Each structure stands twice: as structure tokens, then as C-alpha cells.
Amino acid sequence: MKKLTVVGVLAILVLVLSQCQKAATFPDTGYDARLSGGVATVFDITSHAFSNMFPGLSDRDQIVHAFGDAAFSKIFVTAPAPVNSGLGTIFNNNSCISCHHNDGIGLPTAGDSRSSLLVRISLPGTDAHGGPVAVPGYGLQLQDKAVYGKVPEAKININYTNTTYSFADGETYELRAPTYTLTNLYTAITGNYLLSPRLAPPMFGLGLLEAVPESEIVAMADPNDADGDGIKGKPNYVWDVATQSRQLGRFGWKANTASILTQVAAAYNQDIGITSRIFPVESSFGQTQDDGLKDDPELPDSTLNAVRFYAATLAVPARRSVTDPDAQRGEALFKAAKCAVCHRQTLTTAVNVSFPSISNQVIHPYTDMLVHDMGTGLADNRPDFLAGGQEWRTASLWGLGLFEKVNSPGYYLHDGRARSVTEAIMWHGGEAESAKVYFSKLSKSDRTLVLKFLGSL
């Protein structure tokens with residue numbers, strides 16, 4: 001008798017659970033509303049909901065995914081060392097999983113072992129490729145930790161100002177506004193510099209988003225607000241180091257990264273201090289913290305590619321409560337507020353005959369993958385290629401209702417300032433101002449319905 005693989009068992013569980021739950025379809029498409037990731041959907045509501053591989057991967061792909069998973073959890077140490085060598089010399093954390101807790105969101109803290117917040121830094125203006133201008137002696141990202149005998153680039157200080165507001169019905173809520181300052185600079189910075197905090201985002205579903213055709217994303221853009229609804233949206237085109245070409249930005253809080261490969265390689269290089277063929281130069285090169293070792297690149301291509309594959313094949317948790325009348329009423333209010341104009345319910349991936357798991361899949365990520373003006377409240381005032389200082393990529397909402405379970409207590413928005421979905425909504429401004437006002441004027445019972453719907457995603 002053939003031995004069942006883990007994925008085989010998982011596939012059976014998906015089938016059984018899908019039969020045990022009452023099916024619901026989107027009336028305009030006929031597709032099962034629970035299958036947020038198409039065939040790459042898993043029915044898991046545990047704290048490991050974001051850490052499942054695609055169901056149905058081949059034996060070989062399962063091995064590559066598992067190898068990437070192990071590498072993702074690997075803790076690096078100071079070079080030279082016989083195992084896991086190459087950390088730093090300056091860095092933000094010592095492993096991928098230390099920032100992406102349970103493959104989900106991280107903690108909005110800086111300086112400790114579980115910190116998931118990093119800070120981008122640049123000078124005003126644009127470089128030769130239209131991107132941010134690196135700060136001499138610092139580059140484009142601050143590293144706030146260092147190995148023994150070296151000093152971090154700076155200490156990142158976060159202070160919050162709490163303000164109480166009221167909904168139209170009188171119920172109060174609190175928003176905390178962060179202020180970021182730098183101290184203990186290892187060397188002075190000449191002139192003004194721009195800072196932008198970025199929280200480690202969820203890892204699941206990335207392969208599906210990478211597979212959405214560029215043409216579909218660009219077709220959703222309305223940079224001149226031709227339809228007069230006050231909502232624009234535009235693609236961010238960026239310089240991709242891996243291909244040495246201008247590409248559509250898909251990942252990152254400002255859609256400033258074109259591919260999973262580049263995202264993974266950049267994180268190794270800037271967050272952990274590990275070089276690869278994509279980024280073969282140490283982040284500390286030319287600085288006093290440089291170790292002078294001739295051991296680059298440190299990350300083998302096999303590991304880099306396996307981690308890329310791991311990130312590309314993390315399955316999407318199924319949507320829940322799709323037939324619940326309260327969740328359905330909440331969805332109707334979500335659409336009436338025009339939230340769905342940016343948080344697009346449905347996208348379709350391109351045909352890929354070599355990889356059926358992402359080929360021609362109808363997915364429900366609730367994003368348009370475009371950047372939008374979100375107002376002065378959320379502005380970092382730091383342009384990133386075509387994304388301006390008030391513009392951010394529309395966050396995907398799939399899995400939103402599981403954030404508290406996977407990443408208790410759960411934080412939201414680009415810097416984790418929001419401690420609840422309600423706070424995240426009330427931080428919206430700019431193109432989303434009218435949607436926020438609509439939500440704020442709802443009765444408490446109707447606001448609860450909207451949250452019930454969002455909690456089902």
C-alpha cells in the first residue's frame with residue numbers, strides 16, 4: 001500500500017472539510033467563495049494557518065518546499081563559523097522567521113530579538129533608476145543590531161501619541177500616532193534624510209499574486225480618476241536588481257519590489273546581512289562595521305531558490321462563514337462604502353502549464369496591487385520609485401480574520417500602529433477618506449457586521 005504523504009493527507013482533509021461545509025458561490029462567477037487561493041487553498045483555522053504548503057505538490061516540489069522552510073527558520077551566526085555563518089556584521093534580525101512570525105505579521109518593535117519593524121532611509125530626490133537615493137554610510141535601510149565588537153548604525157526610537165475619537169453614534173475609539181527618531185548614530189548624516197518604517201508582512205499567497213498578469217493589474221488603474229469616484233490607483237514600476245530591468249512592483253508596502261526572488265534576496269542582504277548572487281555586496285561594505293572577509297556570496301543559489309519556492313508555495317487559508325447572514329450583510333456594507341474599489345475581491349492568475357497550482361486560478365485576495373494616496377495621517381513622506389510619500393499598496397485582506405490567532409494580538413498597517421481592524425479602518429484617508437467616513441457613520445450594529453465580514457476572510 002502506498003504511504004500517504006503529508007500533502008496527500010492535507011488534500012484529503014481539504015476534500016472532507018469542503019464537503020462538511022455548506023457551499024456558497026459568488027453569484028457573478030459561480031466560484032466557491034471559500035476558495036480564496038483557488039486550488040492553493042487550505043482549510044486550517046489554527047495558529048499554523050499561514051504555514052501550509054500548496055496542496056497537491058509533486059514529491060520533488062514538496063522536498064524543495066521543505067528545504068526552503070528549514071532555511072527560512074535557520075538562525076545565522078557571526079562569520080567565520082562552520083554552520084549558518086555570515087550574520088551581519090550589522091543586521092535587523094538573525095533569521096527570516098524571527099520577523100515573519102508563523103509566516104504572518106510581525107511585532108512593531110525595534111532593537112530586540114522578536115522585532116519585525118525595519119526602517120528605510122534615503123535622501124531627497126531619485127537615483128539613476130528612479131528609486132530612492134542612498135544615504136552615504138547607511139545605504140537605504142537602517143540596521144539597528146550588530147555582532148560582537150561592531151556597532152549598530154543607529155537606535156530606532158518609537159513613541160506613540162494616543163488620541164480618543166468618537167463614531168457618529170458616540171462610541172469612542174483610540175488611535176495611536178507613532179513618531180520615529182534616531183539616536184546613537186554611528187556616524188553623522190549630512191543634510192536632511194527621509195525615514196519610512198516597514199512591518200514584516202504575511203508570507204502566504206505570494207506565488208499567486210506574482211502570477212497575476214501585469215495587464216490585469218494595470219487595467220484596474222485610474223490615475224486621473226476618469227470615472228470621478230475620487231479613487232485613483234496606479235501601478236508602481238521599479239528597478240529590479242535580479243533582471244536588471246524596469247518591472248511592475250508587486251510586493252512591499254509601496255509595491256517597490258518586482259518579484260519574490262528579489263524580495264527574498266534583499267531581505268537576506270539587508271535584514272540579516274547575508275549576501276547572494278542577487279546582492280553580492282555586504283550591506284556594511286565601505287563602513288567601519290565591515291568585516292573585510294572575502295566570503296561572498298554567502299548564500300548558495302540552491303538555498304536562495306528554495307526559500308523563494310517556499311515563499312511562493314505557502315497556501316491561502318479558506319474563507320469562513322460565507323453563508324452567515326451577518327457576514328453577508330457586512331460584505332454588502334463593505335461594498336456600499338466603496339472599500340471593494342481598491343480591495344478587489346477577485347483576480348485571475350495567468351496560464352502556466354508547468355505549474356498547475358498557480359495556473360488560471362480565480363483567487364480572492366481583496367487587493368488591486370496598486371498604490372493609492374492614503375492621506376497625510378499615514379504618510380511617510382518618502383517616495384519609493386513612482387509611489388509618492390502618501391501612497392501605499394493596497395493590502396491584501398485574505399487571512400485577515402486569522403491574524404489574531406496566528407500572531408496574537410495582531411497588528412495592522414505598514415508600521416503596525418493599528419492594534420485592531422477598526423483602528424486600521426479609521427486611519428484611512430486620502431482616496432479612502434469617504435469609505436472611512438461611511439464606516440464611522442454606521443450604527444454600532446452595522447459596524448459589527450462589517451467587522452464580522454472582514455473576520456471571515
Side-chain angles (χ1 to χ4, degrees), residues 105-109 117 157-181 195-199 201 229-233 253-254 326-327 329-343 366-367 371-382 388-397 400-401 403-404 407-457:
I105 55 178
L107 297 177
T109 60
L117 193 75
N157 305 283
I158 311 171
N159 293 297
Y160 292 101
T161 301
N162 297 309
T163 306
T164 300
Y165 301 89
S166 297
F167 292 111
D169 61 6
E171 183 181 27
T172 61
Y173 63 94
E174 184 181 78
L175 297 183
R176 58 175 193 168
T179 301
Y180 300 91
T181 57
L195 298 179
S196 181
R198 309 286 174 90
L199 186 67
D229 65 356
I231 301 173
K232 299 179 181 180
W253 289 103
K254 283 182 178 280
D326 286 345
R329 286 193 287 270
E331 182 176 11
L333 291 169
F334 179 84
K335 292 178 178 177
K338 296 186 178 180
C339 301
V341 176
C342 299
H343 292 284
Y366 290 86
T367 178
V371 294
H372 294 266
D373 182 346
M374 294 299 291
T376 57
L378 290 177
D380 65 353
N381 299 311
R382 178 183 180 271
Q390 295 187 181
E391 292 179 319
W392 300 95
R393 173 187 175 274
T394 304
S396 303
L397 298 183
L400 184 68
F403 279 15
E404 288 187 20
N407 298 120
S408 178
Y411 295 93
Y412 308 87
L413 300 179
H414 66 278
D415 56 5
R417 69 178 68 187
R419 296 157 293 185
S420 68
V421 174
T422 296
E423 287 186 26
I425 294 172
M426 297 312 296
W427 270 111
H428 281 52
E431 295 172 37
E433 178 72 20
S434 62
K436 176 188 70 177
V437 171
Y438 184 97
F439 179 81
S440 72
K441 291 182 177 180
L442 293 174
S443 65
K444 179 177 176 61
S445 59
D446 280 350
R447 291 197 302 274
T448 300
L449 293 176
V450 174
L451 296 175
K452 180 70 176 291
F453 160 66
L454 293 173
S456 76
L457 298 180

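Starting from 1, each residue takes its place in the sequence as its number. These numbers come from a predicted model, not from an experiment.
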Side-chain contact, heavy-atom cut-off 4.5 Å: [X] with [Y]?
X      : Y      : result
Trp392 : His372 : no
Ile425 : Leu454 : yes
Arg198 : Lys254 : yes
Met426 : Phe439 : yes
Pro108 : Tyr160 : yes
Leu175 : Thr163 : no

**OP:** State, without any angle test, whether Thr422 and Ser420 hold a side-chain donor-acceptor pair at a distance under 3.5 Å.
**Re:** no
Original post:
Mind checking whether Tyr173 and Phe167 have parallel, tilted or perpendicular rings, split at 30° and 60°?
Top reply: tilted
Original post:
Should the ring pair Phe334 and His343 be called parallel, tilted or perpendicular, given that the plane angle runs from 0 to 90° and is split at 30 and 60?
Top reply: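 Correct class here is tilted.
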Would you compute the distance between atom [atom1] of [X] and atom [atom2] of [Y] and round it to the nearest 0.5 angstrom?
X      : Y      : atom1 : atom2 : value
Leu117 : Leu107 : CG    : CG    : 10.0 Å
Thr179 : Asn159 : OG1   : CG    : 6.5 Å
Leu333 : Ser443 : CG    : OG    : 8.5 Å
Glu404 : Ile105 : CD    : CD1   : 9.0 Å
Asp326 : Glu331 : CG    : CD    : 13.0 Å
Arg176 : Glu423 : CZ    : CD    : 7.0 Å

Where [X] and [Y] come nearest, the two heavy atoms and their spacing:
X      : Y      : result
Tyr438 : Ala337 : CD2-CB, 3.4 Å
Trp427 : Leu413 : CB-CD1, 3.6 Å
Pro178 : Ile158 : CB-CG2, 4.4 Å
Lys436 : His428 : CD-O, 3.0 Å
Ala424 : Tyr412 : CB-CB, 4.0 Å
Ala395 : Trp253 : CB-CZ3, 4.4 Å

Original post:
For atom NZ of Lys232, is the number of surrounding heavy atoms from other residues, nucleotides or ligands below 6.0 Å larger than 12?
Top reply: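 Open.
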**OP:** Evaluate whether atom CD of Glu174 has more than 12 neighbouring non-hydrogen atoms of other residues, nucleotides or ligands under 6.0 angstrom away.
**Re:** yes
Original post:
Who passes side chain to side chain contact (heavy atoms under 4.5 Å, CB included) against Gln390, sequence neighbours left out?
Top reply: Asp373, Thr376, Ala379
**OP:** Check side chain to side chain contact (heavy atoms under 4.5 Å, CB included) between Ser434 and all other residues, then give those that pass, not counting sequence neighbours.
**Re:** none
**OP:** Decide salt bridge (charged side-chain N to carboxylate O under 4.0 Å, His left out) for Asp415 and Arg417; before the verdict, give the C-alpha distance in whole Å, the side-chain angles of both, and the deciding distance to 0.1 Å.
**Re:** CA-CA 6 Å; Asp415 56 5; Arg417 69 178 68 187; 2.9 Å; yes
